[in-house]
Engineer: 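One structure is given below, represented as structure tokens, and several questions about it will come after.
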Amino acid sequence: MKTIWITGASSGIGEALAYKYSQEGWHVILSARRADVLAEVASRCAQPEQCTVVPIDLADTQSIDRAADEVLAKFDHIDVLVNNGGISQRSLVEETPVDIDRRIMQVDYFSGVQLTKRVLPLMLKNGGGHIVAISSIVGVFGFPQRSAYSAAKHAIHGFYETVWAELHDRGINTTIVCPGRILTNVSLHALTKDGTEHGVMDHAQKNGISAETCAKKIFKAVKRRKKEIYVCRMDVLMCYFHRYARWIYYKLVSKVKPN
Ligand SMILES: NC(=O)c1ccc[n+]([C@@H]2O[C@H](COP(=O)([O-])OP(=O)(O)OC[C@H]3O[C@@H](n4cnc5c(N)ncnc54)[C@H](OP(=O)(O)O)[C@@H]3O)[C@@H](O)[C@H]2O)c1
């Protein structure tokens, strides 16, 4: 039986991925901070007996190491690692203390780097594996009130493309996922300038693509070993403008309402 380890599995995209992979007959390792919620998600999976809950705090490097120790002691193979758990941001550059930038970089970027480095030796020993990193379309371009979040998501691209470049010939695949607006709790938990949660379901979020649709697209992309996918509607246009007509991107981003 194949095994997938998903962080951020207590909610949104990670939760939907847990249901999808369980339905497909995989053993699912579910990680996030809230162990009680993870246990509920596991109980709703198609094969609850093939689910393992491993709590983790991605803001805490020791917690990440403890979770990795537990997973590596229990499993002799991990086929897919999904670095999905994360937090967004709703604060302007000039009002955001650097501690908030560091916290977002830790949760959204460094935690995935640490987990990747812990899991890679096992994957390499077993002849390969697949690492999925959930970026964002703001991992492609900058966006108001998302400075640290956008920076963390940009960093993901540099890191996982390099993982692929160095290790694909030893069986390691990577998929970077760039969602646009997905209907999850992400805006509710986004950090504001003082580190409190934004607490608002943003309008654009409410009208986003469902987490289930997003999970299906990720499942398909991993199966086909796609290196990068966009799960978007019209918001994908900003990526094209940013790449091919930068002046349009600058014009639009200067006028855009962030939420
Ligand atoms: N929704 C969108 O529109 C969208 C767009 C682009 C990218 N994304 C990305 O998609 C990923 C999943 O987000 P989502 O939209 O599904 O949001 P969500 O519903 O808020 O889920 C976020 C998940 O991350 C976990 N998490 C947050 N902080 C954590 C920490 N310190 N330690 C461990 N787990 C933590 C949460 O679990 P606990 O609270 O239980 O710890 C939760 O399971 C994120 O990386 C996000 O940046 C989302």
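Order of appearance sets the numbers: ligands from 1, and atoms from 1 within every ligand. Predicted model, so just to flag it, every value in this text is computed and none were measured.
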Engineer: Looking only at protein heavy atoms, which one is nearest to atom 36 (C) of ligand 1, and how far off is it?
Structural biologist: S10 OG, 3.8 Å
Engineer: Considering only NZ, NE, NH1 and NH2 on the basic side and carboxylate oxygens on the acidic side, decide whether D202 and R90 come within less than 4.0 Å.
Structural biologist: yes
Engineer: Is there side-chain contact between V82 and V177, with heavy atoms separated by less than 4.5 Å?
Structural biologist: no
Engineer: For ligand 1, which atoms have a heavy atom of Y149 less than 4.0 angstrom away?
Structural biologist: 6 (C), 7 (C), 8 (N), 9 (C), 46 (C), 47 (O)
Engineer: Just go through Q89, Q205, H189, R34 and tell me whose heavy atom is the nearest to atom 3 (O) of ligand 1.
Structural biologist: Q205
Engineer: For H154 and H157, take the angle between the two ring planes, folded into 0 to 90°, and tell me which bin it lands in: parallel under 30, tilted 30 to 60, perpendicular over 60.
Structural biologist: tilted
Engineer: For ligand 1, which atoms sit closer than 4.0 Å to a heavy atom of D57?
Structural biologist: 30 (C), 31 (N), 32 (N)
Engineer: Measure the acute angle between the ring planes of F141 and Y249, then classify it against the limits of 30° and 60° as parallel, tilted or perpendicular.
Structural biologist: tilted
Engineer: Give the residue and atom name of whichever protein heavy atom lies nearest to atom 18 (P) of ligand 1, and the separation in Å to one decimal.
Structural biologist: S11 OG, 3.5 Å
Engineer: If you count the atoms of ligand 1 from 1 in the order shown, which ones are under 4.0 Å from a heavy atom of R181?
Structural biologist: 3 (O)
Engineer: In terms of residue, atom name and distance, what is the protein heavy atom nearest to atom 32 (N) of ligand 1?
Structural biologist: L58 N, 2.8 Å
Engineer: How about V28 and Q47: do any of their side-chain heavy atoms sit closer than 4.5 Å?
Structural biologist: no
Engineer: To check you understand the geometry: which heavy-atom pair defines the closest contact between T116 and N83, and what is its length?
Structural biologist: OG1-ND2, 3.2 Å
Engineer: Tell me, which protein residue and heavy-atom name are nearest atom 14 (P) of ligand 1, and how many Å apart are they?
Structural biologist: T184 OG1, 3.4 Å
Engineer: Which heavy atom of the protein is the closest neighbour of atom 9 (C) of ligand 1, given with residue, atom name and distance?
Structural biologist: I134 CG2, 3.7 Å
Engineer: Can you sort out which atoms of ligand 1 are near G85, meaning under 4.0 Å from one of its heavy atoms?
Structural biologist: 24 (O)
Engineer: Only one of H130, K226, K227 passes side chain to side chain donor-acceptor pair (under 3.5 Å) with T175; say which it is.
Structural biologist: H130
Engineer: Among S88, S136, S187, G180, which one puts a heavy atom closest to atom 4 (C) of ligand 1?
Structural biologist: G180
Engineer: May I have the step-by-step check of side chain to side chain contact (heavy atoms under 4.5 Å, CB included) for L120 and I131, ending in yes or no?
Structural biologist: CA-CA 9 Å; L120 264 177; I131 300 169; 4.0 Å; yes
Engineer: Given 3.5 Å as the limit, does a donor-acceptor pair link the side chain of N84 with the main chain of G8, or not?
Structural biologist: yes
Engineer: Starting from atom 13 (O) of ligand 1, locate the nearest protein heavy atom and write down its residue, its atom name and how far away it is, to 0.1 Å.
Structural biologist: V186 CG2, 4.4 Å
Engineer: Are K20 and E24 within salt-bridge range, i.e. N to O under 4.0 Å?
Structural biologist: yes
Engineer: Tell me which part of K153 gets within contact of ligand 1: side chain, backbone, both or neither, using heavy atoms under 4.0 Å.
Structural biologist: side chain
Engineer: Counting heavy atoms only, which part of S135 comes closer than 4.0 Å to ligand 1: side chain, backbone, both or neither?
Structural biologist: backbone
Engineer: Run the numbers for me: atoms of ligand 1, each under 4.0 Å from some heavy atom of A59, listed by number.
Structural biologist: 31 (N)
Engineer: As an exercise, identify every atom of ligand 1 less than 4.0 angstrom from a heavy atom of G12.
Structural biologist: 16 (O), 19 (O)
Engineer: Quick check: closest heavy atoms across A68 and W5, and the distance to 0.1 Å?
Structural biologist: CA-CH2, 3.8 Å
Engineer: Just go through L191, I56, I156 and tell me whose heavy atom is the nearest to atom 33 (C) of ligand 1.
Structural biologist: I56
Engineer: What protein heavy atom lies closest to atom 16 (O) of ligand 1? Include the residue and the distance to one decimal.
Structural biologist: I13 N, 2.8 Å
Engineer: For ligand 1, find out whether one of its N or O atoms is nearer than 3.5 Å to an N or O atom of A32.
Structural biologist: no
Engineer: Is there a side-chain contact between N185 and M201 in this structure, where contact means two heavy atoms from C-beta onward sitting under 4.5 Å apart?
Structural biologist: yes
Engineer: Is there any N or O on I182 that sits under 3.5 Å from an N or O of ligand 1?
Structural biologist: yes
Engineer: Which residue from L17, D235, N84, I64 reaches closest to atom 11 (C) of ligand 1 through any of its heavy atoms?
Structural biologist: N84
Engineer: Quick one: nearest non-hydrogen protein atom to atom 28 (N) of ligand 1, plus distance?
Structural biologist: R33 NH2, 3.3 Å
Engineer: Does a side chain donor of either Y19 or Q23 reach within less than 3.5 Å of an acceptor in the other side chain?
Structural biologist: no
